[in-house]
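Hydrogens, waters and symmetry mates play no part in the numbers below; they use all other heavy atoms, side chains included. The residues of the chain are indexed from 1 along the displayed sequence.
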Amino acid sequence: MTAWEFAAPVWLHVPARADAGGEPAPGTWAFCTLPEDVGEEVRLLSGPRRGFGSVRVQVEVGRSAWSTSVFPGSDGFVLPLKKAVRRAEGLEPGDLAHVRLRLVAAP
């Protein structure tokens with residue numbers, strides 16, 4: 001199975017507060033954006049996509065490994081980084097996450 005290794009900055013998605021006139025709320029979701037060339041290969045090799053255009057993947061960051069999906073965004077595919085992984089790997093927004101990503105074969 002095809003795998004990619006890359007480093008990408010961790011960033012927070014900061015949703016708008018519905019009750020405060022659009023003021024930013026604290027971010028609860030952290031992501032990294034796949035490099036453009038990796039995202040393009042994922043798009044080409046992934047086959048049919050799942051809900052929201054997602055693609056199932058296996059991910060390793062440091063010693064943490066898990067199954068998730070990458071999602072298409074305005075700047076390419078984004079990888080959600082669970083809070084438990086960020087804690088275990090000592091990652092904060094702006095840090096570089098060193099990622100190994102593999103496509104999951106469709107059942």
Side-chain angles (χ1 to χ4, degrees):
M1 184 58 63
T2 305
W4 299 271
E5 292 187 34
F6 58 90
V10 175
W11 55 274
L12 290 180
H13 169 68
V14 181
R17 281 191 198 154
D19 63 346
E23 294 285 321
T28 54
W29 292 93
F31 297 89
C32 61
T33 303
L34 277 58
E36 188 175 337
D37 60 330
V38 174
E40 181 62 16
E41 288 184 31
V42 166
R43 187 183 68 74
L44 292 170
L45 297 173
S46 63
R49 300 217 193 107
R50 299 167 50 90
F52 302 104
S54 66
V55 175
R56 293 179 55 177
V57 294
Q58 291 283 329
V59 182
E60 296 173 26
V61 174
R63 289 181 281 165
S64 301
W66 71 103
S67 296
T68 189
S69 294
V70 292
F71 298 87
S74 58
D75 294 327
F77 279 96
V78 296
L79 168 69
L81 295 171
K82 301 188 297 186
K83 190 175 200 175
V85 170
R86 295 190 322 268
R87 275 193 203 142
E89 302 303 330
L91 292 170
E92 297 290 333
D95 291 347
L96 282 180
H98 296 275
V99 178
R100 180 172 170 84
L101 182 132
R102 289 185 308 267
L103 292 177
V104 172

When rounded to the nearest 0.5 angstrom, what is the spacing between [atom1] in [X] and [atom2] in [Y]?
X	Y	atom1	atom2	result
Phe6	Thr33	CZ	OG1	9.0 Å
Arg56	Ser69	CZ	OG	7.0 Å
Trp29	Lys82	CH2	NZ	10.5 Å
Leu81	Glu89	CG	CD	10.0 Å
Thr68	Leu101	OG1	CG	9.5 Å
Leu91	His98	CG	NE2	8.5 Å

Should we say atom CD of Glu40 is surrounded by more than 12 heavy atoms from elsewhere, each under 6.0 Å from it?
->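 Yes - once you tally the heavy atoms of other residues, nucleotides and ligands closer than 6.0 Å, there are more than 12.
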Between Glu60 and Arg102, does at least one N-O distance fall below 4.0 Å, as a salt bridge requires?
->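 Between Arg102 and Glu60 there is a salt bridge, with a charged N closer than 4.0 Å to a carboxylate O.
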If you compare all heavy atoms of [X] against all heavy atoms of [Y], which two are closest, and at what distance to 0.1 Å?
X	Y	value
Val57	Val104	C-CG2, 3.5 Å
Trp66	Pro80	CZ2-O, 3.9 Å
Phe77	Gly53	CE2-O, 4.0 Å
Ala88	Ser64	CB-OG, 3.9 Å

Tell me, with the steps shown, if Val70 and Ser54 meet side-chain contact (heavy atoms from CB on, under 4.5 Å).
-> CA-CA 6 Å; Val70 292; Ser54 66; over 6 Å; no
Tell me, do [X] and [Y] make a side-chain contact under 4.5 Å, heavy atoms counted?
X	Y	value
Val10	Phe31	no
Val42	Trp4	yes
Val78	Trp11	yes

Are Leu45 and Val55 linked, directly or through other ILVMFWY residues, by side chains that come within less than 4.5 angstrom of each other?
->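 Hydrophobic grouping puts Leu45 with Val55.
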